[in-house]
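Right, one structure below, let's go through it.
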Amino acid sequence: MKISDFQTKDVINIVDGKKLGQISDLELDLRQGRIDAIVIPQFTRFLGMFGNGGTEVVIPWRNIVKIGADVVLVRLDDSSKKLEDEDLHART
C-alpha cells in the first residue's frame, strides 16, 4: 500500500463511531523500520475554514483495529486519548 492511498481513507473510532478525519502524516521508527503512529489533524471550526489551525491526534499503531478499502478503524477511548495528550506534551 502506498502512503498516498493510506491518506485518502477516513479514520473512524470504533469506541464511539466518530469520524476522526483523514491521515495527514505517519510517525516512523527508522531503527526498527516500522510505523509507530498515524497523525490526524484536528481543526477548530473557525480556524479550519481560514487556515491551518488546531492540534493533531496521534494514534499509536497498536490502536489500529482494521485497515479496510475505504476506512481505517481505530480504538481510541478516553484513557488512551489522555495518554497521547501527555505524550504529545512531553515531546514539546
Side-chain angles (χ1 to χ4, degrees):
M1 175 180 291
K2 295 178 185 177
I3 293 175
S4 59
D5 295 336
F6 201 51
Q7 290 176 317
T8 62
K9 299 178 187 300
D10 290 328
V11 179
I12 308 293
N13 185 1
I14 65 169
V15 173
D16 58 11
K18 287 185 180 178
K19 178 180 170 184
L20 301 174
Q22 292 184 326
I23 298 167
S24 66
D25 208 353
L26 301 173
E27 288 189 2
L28 304 173
D29 180 345
L30 297 178
R31 291 184 194 128
Q32 299 290 326
R34 64 180 182 198
I35 299 172
D36 275 346
I38 59 175
V39 180
I40 302 167
Q42 297 292 295
F43 301 102
T44 60
R45 291 182 195 262
F46 178 74
L47 292 174
M49 291 181 354
F50 297 108
N52 190 9
T55 60
E56 296 176 331
V57 175
V58 178
I59 302 173
W61 189 258
R62 67 182 174 273
N63 288 38
I64 295 176
V65 176
K66 179 77 174 174
I67 300 173
D70 300 318
V71 298
V72 176
L73 300 177
V74 299
R75 180 179 311 276
L76 190 63
D77 57 15
D78 287 337
S79 62
S80 60
K81 257 187 171 179
K82 289 176 187 173
L83 291 174
E84 290 162 16
D85 289 342
E86 291 171 5
D87 187 37
L88 181 63
H89 291 298
R91 288 187 227 165
T92 56

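- Rounded to the nearest 0.5 angstrom, Ile40 CD1 and Gln22 CD are separated by 9.5 Å.
- Annotation: side chain of Lys19 is in contact with side chain of Ile12 (closest heavy-atom distance under 4.5 Å).
- Side-chain atoms of Lys9 and Ile23, non-hydrogen and from C-beta on, never get closer than 4.5 Å to each other.
- From Ile64, atom CD1 reaches atom CD1 of Ile14 across 11.5 Å, with rounding to the nearest 0.5 Å.
- Under the 4.5 Å side-chain heavy-atom criterion for ILVMFWY residues, no single connected hydrophobic cluster contains both Val57 and Leu73.
- Counting only distance, with no hydrogens or angles, the side chain of Gln7 and the backbone of Ser24 share a donor-acceptor pair below 3.5 Å.
- Here the side chains of Leu28 and Ile35 are in contact, with some heavy-atom distance below 4.5 Å.
- Atom CD1 of Ile38 and atom CG of Leu20 lie 8.5 Å apart (nearest 0.5 Å).
- Evaluation of the salt bridge (charged side-chain N to carboxylate O under 4.0 Å, His left out) rule for Asp25 yields no partner, not counting sequence neighbours.
- One N or O on the side chain of Asn63 and one on the backbone of Arg75 form a donor-acceptor pair closer than 3.5 Å.
- The minimum heavy-atom distance between Trp61 and Ile67, with the atom names listed, is CH2-CD1, 3.9 Å.
- Residues forming a salt bridge (charged side-chain N to carboxylate O under 4.0 Å, His left out) with Lys66 (at least two apart in sequence, or on another chain): none.
- Between Val58 and Pro60 the shortest heavy-atom distance is O-CD, 3.6 Å.
- When side chains are defined from C-beta on, Leu76 does not count as touching Val15, because their heavy atoms never get closer than 4.5 Å.
- Between Asp5 and Thr8, the shortest heavy-atom contact is O-OG1, 2.8 Å.
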